[in-house]
Every structure is written in structure tokens, then in C-alpha cells.
Amino acid sequence: MGYVSKDVPLVIMGGLWQKEYEGPDYGYDEIKGIEKDGDYEFLEFPSKTELKFDAFLDGSMRLYWIGNVAKSGTPLFYACVSVAVLYRGPNKMLKNTSYTRSINLLIFPFKTYEETFPVDFGHYLREFLRKLTGELRAFGQSVYTEEEVRDTIERGRTLESVFGNRNVWIICDTSFSGITAQSGRRLITDRELGRYTEVKNKARARTRHYMRLLEFFALKAFKERNPNSLFMVDGLYPEKRHVQRPFAMSEEDYKEITNGVVGFIKKPMDLPLDDVKEIYEFWERLRPGKALRWRGKLVKESQEEENKLIEAFDFALMRFRHFPGLEITPAGVVKVQAQHELDKEYFRQLLSAVYREKLPYVGTPRRSLNEPYPIEQAEVVAKSFFPSEERIRGLLSRVIPQVPYL
Amino acid sequence: MAGTIRWEELERKLETTKALKDKLEEKGWHGKKARRKFVEWVIKNLKKDPNLWNLENKAIPKLTEKEDDRVEPLKVVVEVIKQEEDFYGLRYSPEEKGEEEKTEEEKIIELEREEEIEGVIGRVAITRETPAEPFSFSFWLKPDKEIYVEPGELVEVSINDKKRQYAIGIVEDAKTTSEKKNIFEHYAGWGLGRAGIESPTEFPIIKHARALLIYRNDGKSSPFTTAHPVYKSKARALEEALSKMIRNEEDRILSGFVRDGTGKLVPVYGSFTNIFGYKSGHVNITGKSGLAGKTSYALFLIASALSYSERMHEKSNFSRTLGIIAFNVKERDLLDVVDIPYANMEEALKNLEDEDPLTAELWSTAYIYGINPIKVFGRAKIYKPGNDFSYGLQDLIEMGEHTITALFDPSDVNEQMEALISDICEEYGDGKTSFEDLIRELGNRLSGATGNFIPISDTSASYHHTATISKFLSRIGKILRSPIIERARPRGNPLDVTELDLSDLWIVDIEPLRDNEQRMVFFSVLSKLQSILMKKKRGEQVTEDGRSLSSFPSRVSIFVDELNKFAPSGRISSSIKQFIKDIAARGRSIGLTLIGAQQFASQIDEEILGNCSTFLIGRSEELETSGRFYRRIPDGLRKRIGYLRQGELVFLHDPLQFPFVINFPKPLHRVMEE
């Protein structure tokens with residue numbers, strides 16, 4: 001062993017903690033695999049409407065590097081995820097609701113690590129996890145491993161039984177993709193264990209996935225109590241394929257919950273146009289009261305049979321805020337995502353309701369063109385639920401067990 | 001039972017139910033206005049939760065725990081509603097949805113309603129920018145539009161609910177602010193100035209205020225350390241706080257009212273010995289003519305003081321008796337006070353309820369506290385110049401040479417003139433010389449003069465310049481063209497202030513008189529009073545001429561409007577100004593005090609203002625309130641002076657330490673005039 005001293009812990013806590021990521025800044029990435037179905041059309045929507053949004057949802061996440069694990073130096077990450085649902089009453093004031101939630105994640109490719117160093121390290125790692133969960137529980141936290149989360153769902157219960165608790169901690173394993181069903185697709189291989197960026201990106205993606213689930217949890221809880229409310233979510237509309245199983249929902253349940261839900265995408269990347277020149281000309285046409293509507297579909301490719309339609313949405317592009325001189329650029333253009341097959345007139349009204357949210361403008365200059373004020377406020381509330389860095393540092397330094405491996 | 005709720009009918013019923021009226025009267029809500037306010041509060045809360053069962057079984061027990069005065073009237077409300085077969089359409093059901101079944105909106109409304117009943121309006125905010133101090137603190141208010149505070153308003157801070165420890169604060173300044181840092185940010189937030197478009201979301205606006213701590217019932221003087229809940233003030237706590245500031249109950253004289261958070265009137269007391277001597281004294285009332293209500297307040301204070309004096313008289317506490325002499329200096333301001341078309345207060349209040357509910361409420365509360373303006377003003381004596389009082393040369397000489405000097409224009413009175421008047425008083429104070437005799441005598445001497453200096457009588461040893469005597473004769477000629485000066489007779493019918501009885505109000509009309517005549521009357525009355533009160537203070541019970549002083553009050557107050565006329569600020573010097581300054585400085589020790597009123601405090605001599613223990617400031621322009629005199633008033637409250645309503649004054653009284661915005665009623669004769 002040479003110069004390496006005894007009692008070196010398995011997890012070397014980083015004295016220099018660092019925040020790796022905070023966001024998301026501009027809504028989410030586009031849905032992978034969505035295709036334009038049919039042609040687009042320009043749609044005029046009225047300047048006034050009776051429809052108004054009652055609630056707004058936004059989520060936020062922070063990812064911290066907290067230490068490295070022995071041998072491979074694989075980074076260990078901590079993430080906190082928070083979502084806020086704000087209610088807007090008849091007095092036009094936004095209020096926080098009881099559906100605002102936050103969870104904590106500890107992320108590491110446990111399985112890959114265990115398989116890579118099979119002799120002693122599997123034992124050390126299991127010991128580490130056992131001690132860690134024990135310490136966290138001693139501090140009054142509700143701790144779940146992803147395996148336990150999977151078991152919960154497989155036994156017929158839903159993610160609500162996890163997210164419904166206070167002080168939730170989930171120990172995430174990024175060795176494989178998927179959290180609710182083991183897909184078998186490896187995310188991090190033994191060769192990638194030492195690649196910091198790879199491991200970090202996977203940790204961030206996992207955190208984001210949890211954020212979506214937590215968002216849907218809050219949305220579902222709100223909509224169950226307020227079925228007729230109009231609800232705006234920041235970013236993508238909740239996709240059935242992501243939420244149906246974790247929340248044990250039938251097709252009808254999903255439709256019911258997502259009825260009246262609108263996704264607001266601040267920075268649309270996926271446009272229904274292919275020709276670059278056409279795109280440039282197209283910006284100018286997005287004048288006040290005009291939107292571009294199209295249908296998007298998500299299909300599952302299959303060799304045996306015809307591609308199977310999984311989901312379909314109605315999309316629209318509109319210029320949310322107009323600044324003189326920027327009419328020929330995409331500045332202020334946002335994407336609205338709603339349930340498919342909405343009545344055309346209703347969809348117009350819905351667009352008008354979205355457009356009404358242009359006032360007041362938000363305070364952050366770089367978001368001033370494309371962020372609704374209530375969404376900005378929801379984000380502020382969500383972030384206010386993050387535990388302070390000092391608190392988390394203190395807690396983790398006490399609960400991360402000292403498991404010597406030498 | 002549920003159906004359309006007949007709100008208007010219910011409101012009308014509650015406003016006219018005698019049982020509720022009686023209960024409210026019993027609990028301190030006097031008059032129609034107070035009743036209406038209470039009913040509006042009930043209706044507002046019922047509209048938020050139209051389930052009568054909740055009012056009866058949730059709200060009332062909760063208020064009972066807090067010993068809230070509204071409990072008993074609320075029980076009557078429940079009874080009244082229950083008498084109607086359909087409860088006016090209100091629900092009466094203990095069945096409520098479970099927490100889980102409630103929608104978000106219902107939950108939020110429920111939460112707000114709970115808070116509303118409990119009355120919490122905000123929280124003490126201890127921050128780096130707004131630290132709490134031993135005698136001041138900041139607080140924010142709930143965002144509800146109907147919740148606000150104004151500078152001068154009183155709020156209650158619950159320090160420890162279980163131990164019933166609380167503090168009373170007076171709002172010094174109130175502000176609203178938002179997250180927007182500046183106007184541009186706000187402008188940009190509104191779509192770069194698209195003012196015509198309505199925003200679907202309101203910016204969160206934070207209402208916050210700074211308050212001075214005026215009372216803590218736990219006796220501590222340390223800064224708050226907790227975000228204590230803040231309430232609208234409650235009458236009971238306010239009464240306790242205000243009365244503790246003047247500990248001697250016998251010394252309390254009603255000086256106005258403040259309203260508690262429920263609109264109930266709470267008396268504000270002044271200290272008798274601090275207003276009318278001997279500890280300190282003098283009242284100064286300032287404010288814009290026609291808007292501030294200076295005379296109206298003076299009349300209220302007069303009614304309160306004389307009612308107090310009468311009570312003391314009944315208790316044979318003669319050392320606290322008072323008489324007031326009011327000078328009417330403009331129009332019929334004070335002369336009409338006796339023209340009250342009601343036989344008694346009961347009749348007046350009954351009639352006022354419909355004509356002027358606010359005045360009715362204020363007078364009916366004042367009446368409960370022992371003030372009877374009909375009695376006080378009904379027996380006021382009015383003295384008109386000429387008919388009721390006049391002065392001959394001998395009367396003036398007896399009152400002292402300064403009384404004669406007061407008849408001359410101050411610019412005419414130099415040392416030579418003063419010496420001449422002094423010698424005239426000495427030489428002609430014989431009991432028989434009239435002004436005409438004097439003029440004739442001096443004229444003869446002048447015509448027979450051989451040099452520049454002549455004596456004014458055969459016995460006189462001092463000589464005066466013929467020019468001074470000529471000047472005297474020339475001026476006195478004009479002075480004698482007066483309804484109150486007896487030219488031919490040595491004596492007139494002077495105001496005999498020795499006749500002033502306990503709790504008397506004399507109104508001396510000097511409005512028809514010229515300035516010099518007004519000064520003379522004012523001076524003659526004050527100098528006489530000064531000598532009588534000095535005797536009283538010494539325990540002497542007879543005057544020099546042997547008249548009894550046993551029924552003369554131990555203290556006398558003089559009310560004079562347009563005080564600036566008699567004691568202007570600046571270097572202008574006159575014998576009357578000097579005399580008033582002297583009264584202001586030393587009068588309180590013998591029980592002679594001034595109630596002065598004027599438009600601008602800045603126009604009054606600073607020494608006189610400095611000697612006043614009580615100030616009342618009505619609506620005034622900012623130009624005036626930016627002056628030095630007003631710096632003792634906190635900024636926010638000072639700004640409010642420009643917007644005070646009629647019937648509101650800022651009350652500064654030495655023993656109270658803090659300025660209050662008080663309410664007072666219109667004089668009864670004014671209500672009739674309107």
C-alpha cells in the first residue's frame with residue numbers, strides 16, 4: 001500500500017464544496033422524439049378572454065459536489081429539488097400553497113462502482129449506505145433508496161407515498177437509466193467512473209427527472225382538489241410516459257389531471273419549420289394576437305408493427321412580449337404546450353389567457369421578454385425552500401459515515 | 001335553509017334592533033355611526049363565511065377567550081338572525097368539509113377568515129434595516145386591502161397572549177413598498193409604460209409602518225426580540241394605557257377621543273393641573289381657519305373643563321374649580337353657543353342621530369363621561385360692549401396705568417407718553433374726574449403754557465413737554481369715540497370679574513371694538529384676574545374693597561381666538577404682549593391660564609408657545625408645519641397634519657409624552673346652523 005496511510009475513508013469529503021448547477025434557467029429541453037404531425041397554421045386569438053390562470057408551478061434544483069469516493073475518485077453529488085405551486089385569487093395576489101414541496105437526493109453510481117471493485121469495496125459501499133441511511137433517519141429524515149422507491153411502486157403504491165412525507169431523502173444510483181423501472185441500460189460504465197463531467201451530467205439529468213416527478217406530484221395534488229382550475233407549469237407539459245406508472249394512473253386519470261394544464265416553454269428550440277430561411281421570415285409574422293399552431297406526436301418505433309402513437313400535444317408559438325426593433329428576431333417568442341385535440345375556439349381563448357400573463361414584466365432583465373411574472377415568483381418561492389448550504393454541509397458532514405477501506 | 005341571502009334586509013334589521021342597540025351602548029358603542037360600523041363588520045364576516053353555526057360556535061368562543069367586547073353584541077346578532085325562520089338565507093350547519101375535501105381557495109379563505117376574527121393585522125419586523133428599539137419598532141401588515149394603518153393610529157402588540165402582556169404603539173409613519181427598486185423598474189414591469197392595460201397579477205406590495213411604543217403593561221423598556229403579532233388596538237387596552245399616563249383619576253379631564261380598531265371611541269384625558277395650573281398650563285390651538293375647527297375644539301374643551309369643575313364643586317373640592325372667560329373676537333363665533341334648541345342632552349342626541357350621526361356618537365360618549373354642553377353653555381353670560389360694560393377714566397386709573405396705555409397705538413407709546421400717563425393716573429385718580437374733565441384741564445394748561453415744559457396739575461412736581469401733552473390730547477380724542485368709554489362720567493360699568501362664579505362661562509364680545517379697545521378690555525380683565533387669583537392662592541378670601549372671594553373659582557382660564565393679534569411673533573413690542581408673556585410664564589402658578597388659538601403657530605411669540613403645556617394642531621399647510629415648532633412631531637404624523645379631517649386634531653400634552661390624533665364633536669349650535 002506504500003505511502004497510503006491507514007483509515008482512509010471510502011468517501012473523501014470535499015473540503016471545497018461547490019455548487020455545480022442551479023436551474024433550470026430557460027425551461028427544459030425539448031421532448032425527445034416529438035414529431036410534427038400535419039401542417040402548421042396561423043391562428044388569431046382574441047385580446048380579451050374570460051379564462052384566467054388560477055395556479056402556477058415552477059421547480060428548481062441545485063446540485064452540489066460534496067466529495068469523491070476512493071480508488072476511482074468518482075464524485076458524489078448532493079441535490080435539492082423544490083417545486084412551488086402558487087395560487088392566484090380573485091384579488092390578483094399570488095399566494096403560496098400547501099402543495100409546495102422539496103426533496104433531497106444523494107447521487108452516485110453505486111452499482112457500477114460495486115461491480116468494478118468487487119472484492120472489498122462492495123462490502124464497504126453497503127456498509128457506507130447502511131450507516132448513511134441510519135444517520136439520516138436518526139436526524140428525522142425519511143430516507144429511501146431507489147430500490148425501495150421501485151419496490152413501493154411495484155407493490156402497487158405510488159410515488160405519492162414517498163413525496164408525501166416531510167424531509168425526504170432519496171439515495172440515487174445513476175449506474176442504470178430509469179428510476180421506477182430498471183431499464184437495464186447502463187448510464188455509467190466502469191470506464192466512466194473517473195470521468196467527472198460524465199458522472200455530473202448523469203447526476204444532473206437524474207435530479208431533473210426527480211424534479212419533473214415532484215412537479216407532477218404537486219400538480220396532481222392541486223388538480224385533484226381544484227379540478228376546474230387553469231394551471232400553468234413552467235416548461236414542458238407533464239408527459240404521460242413519465243408519470244403514468246409512478247403515479248399509477250389510468251389514461252382517464254391522466255387526462256383528468258392534465259385538463260386545463262398548460263406548459264409554458266420560455267426558450268423554444270424545437271420548431272415546426274425546417275428551412276432556416278423560412279424560420280427567419282416567420283418571426284416577423286408573430287404579431288400581437290397571432291400564434292402558430294401545430295400538433296406534435298410522440299411515437300414508439302417498432303420493427304414488428306407500425307410505429308405506435310404514445311402521446312400527442314397541441315403546440316403554439318407566440319410572441320409573449322414585444323419590444324420595438326426585435327420583431328424580426330425570436331426575442332420574446334415562447335411555446336405553449338397543451339392537451340391534444342382541444343376545441344379550436346377554446347385553444348384561442350387559452351392562448352389569450354397565456355398572452356394576458358405578459359404583464360407585469362419580470363424583474364430579471366435577461367428573462368424580461370419571455371417569463372410570466374407568476375412563474376418567476378413561483379421559482380423564487382421554490383428556491384426559498386432550499387436548505388441553506390451551511391445547513392446541508394453541517395448535516396452531511398455529520399451523516400456521511402467514516403468507512404475506512406484500508 | 002340555504003338560499004339567497006338577504007343581506008340588505010339583515011343589515012337593516014341589525015341596525016334597527018333595539019336589543020342590539022342597547023347591548024352596543026352598554027359595551028361602549030354609542031350612537032348610530034358606531035352601530036352601523038359594528039353591523040358592517042358583522043356583515044363583512046358573514047359574507048366571508050355565511051354559516052351562522054360557525055359564528056355561534058367558533059368565532060364567539062374564540063373572541064370570548066380573548067375577552068373581546070364584541071362577544072355580547074355578537075350573541076344578540078345570532079339571536080336576532082335565529083328569530084327569522086330562514087335565518088335570512090344563512091346556513092346553519094355544523095357539518096363542514098374535511099380539510100382534505102376543501103379546495104385550495106376554500107382553504108385559503110378559511111385561513112384568512114380565522115385570522116380576521118383573531119384580528120391579527122401584521123407582525124413586528126426586526127431586521128437589520130429596521131431594528132426594534134426600546135421605544136419604537138417596525139411592523140408589516142397583512143396584504144388584505146382593507147387592512148391599513150395611518151400615522152397617529154394606535155396599534156396593539158401581543159407580547160405574551162397567555163399572560164395577557166401587551167404593548168400599545170402609535171404609528172409614526174406608514175409606507176408601502178414592493179420588490180421594484182425604482183420607478184423605472186416599475187415602469188418597465190408594466191410593459192414599458194403600458195398603463196392602459198390591466199395586469200392579471202398584482203405585484204406583492206408590502207405595507208409597513210414604524211411605531212413609537214407608548215405603553216407596555218409588563219413594565220419593560222427593552223426592545224422586542226420576537227416577531228410578535230400586531231393587532232388593531234382594542235378599547236380596553238387603550239383605556240388602560242391612556243389612563244395610566246395620568247395616574248391621578250381626579251386629575252383626568254376629558255380632552256378628546258381616539259378610536260380603537262373596532263371604531264369604538266376611547267377617551268383621551270389631559271391633566272387638569274397641567275392644563276389649568278398649577279403644575280403647568282396654557283393651551284394653544286393652531287390650524288387653518290375654517291378647516292381645523294379651532295373654536296369648535298376650544299368650546300369642547302370649555303364644556304369638558306367646566307363640567308369637570310362642576311363635579312369638583314359637587315365634591316367640595318374647591319381647589320379644582322374653574323371659571324372661563326372667553327373673548328369673542330370675530331363674527332358671532334362664540335355668541336351663538338347659547339342658542340341650542342334642545343332642552344337637554346337626551347333630546348339633542350335623539351335629534352342628532354339622524355341629522356349628524358358622527359356628532360351624535362361623539363357627544364353621546366362625551367355625555368357618558370360627564371360632559372353636558374347644554375348645561376355649560378346654557379348658563380353662559382354674554383357681555384356686549386356698551387350695553388354690558390364700559391369704562392370711565394376713574395375705572396381705568398384704578399385698573400392701573402397700563403390699562404390706559406393699552407388704549408393707545410403701541411407706536412405712539414414712548415417713554416415720555418408713558419410718564420405722562422403715569423402722572424395723569426396719579427394726579428386725576430380722584431374718583432370724580434371724567435375724560436372730558438381731563439381733556440379740558442390739559443387743554444387749559446396747554447393754552448396757558450409759557451415754556452416748553454409744563455406740569456399737568458397744580459400739585460404735580462413733574463413737568464411734561466407740551467408736544468407730549470398735545471399728542472396725548474390728539475390721540476385721546478380719537479380713543480374716546482368708543483362705545484365702551486364714558487366721556488362725561490368719571491365711571492362706567494366695567495366688567496367686574498370678581499363676580500365670576502365657580503364653573504362660570506363668560507363670553508365677552510370684543511368683536512365690534514377697535515384693536516386698541518380690544519387690547520384695553522383684554523388687559524383690564526387679565527390684570528384684575530391676576531390680582532384676585534394671587535389672593536386666592538395666598539388663601540385670602542376678600543378683595544381690597546372687602547368683597548368675598550369664596551365663590552370665586554380657584555383657577556381661571558381665558559380663551560382668546562386670534563392670539564397673534566395680541567402677542568405676535570417677532571420684535572414687535574407692546575405692553576399687552578409683554579403682559580401676555582408674563583401671564584404665560586407665571587400665570588399657571590396662580591391658576592391663570594390661556595387657551596389661545598390662531599391660524600399659524602409661527603405667528604405667535606415663541607416664549608408664549610414655549611410656556612404652553614398643551615398643543616392642538618389642526619389641518620395646516622406644509623409650509624407652516626415645516627417650521628421649528630412642529631419638529632417635535634414625528635415625520636409621518638407631521639405630514640398627516642396637512643390631511644386631517646374636520647373634527648381631528650393632533651394632541652400634544654406634556655404628561656402624555658406622545659402626540660395623538662384625537663377626535664372631538666362639533667359644537668351643538670353649529671350642527672343646527674348647518
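The chains referred to below are lettered A, B, ... by the order of the sequence lines, with proteins before strands, and numbering in each begins at 1.
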Measure the [atom1]-[atom2] distance between [X] and [Y] for me, rounded to the nearest 0.5 Å.
X: A/E376; Y: B/E179; atom1: CD; atom2: CD; value: 6.5 Å
X: A/Q377; Y: B/F203; atom1: CD; atom2: CZ; value: 9.0 Å
X: B/Y187; Y: A/Y361; atom1: OH; atom2: OH; value: 10.5 Å

Would the number of heavy atoms belonging to other residues, nucleotides or ligands and lying under 6.0 Å from [atom1] of [X] be above 12?
X: B/I205; atom1: CD1; result: yes
X: B/E8; atom1: CD; result: no
X: A/Y346; atom1: OH; result: yes
X: B/E11; atom1: CD; result: yes
X: B/K180; atom1: NZ; result: yes

With a 4.5 angstrom heavy-atom cut-off, is it the side chain or the backbone of A/F53 that approaches chain B, or both, or neither? neither
Given that the side chain runs from C-beta out, which part of A/V85 has a heavy atom under 4.5 Å from chain B: side chain, backbone, both or neither? neither
B/P204 versus chain A, the contacting section by heavy-atom distance below 4.5 Å: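 B/P204 touches chain A through backbone and side-chain heavy atoms alike.
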Tell me, side chain or backbone of B/K181 under 4.5 Å from chain A's heavy atoms, or both, or neither? neither
Taking the side chain as C-beta and beyond, is there a heavy-atom pair between B/K145 and A/M93 under 4.5 Å? no
Name the residue from A/K92, A/K52, A/R88 that meets the side-chain hydrogen bond (donor to acceptor under 3.5 Å, both in side chains) definition with B/T201.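 By the side-chain hydrogen bond (donor to acceptor under 3.5 Å, both in side chains) criterion, B/T201 pairs with just one of A/K92, A/K52, A/R88: A/R88.
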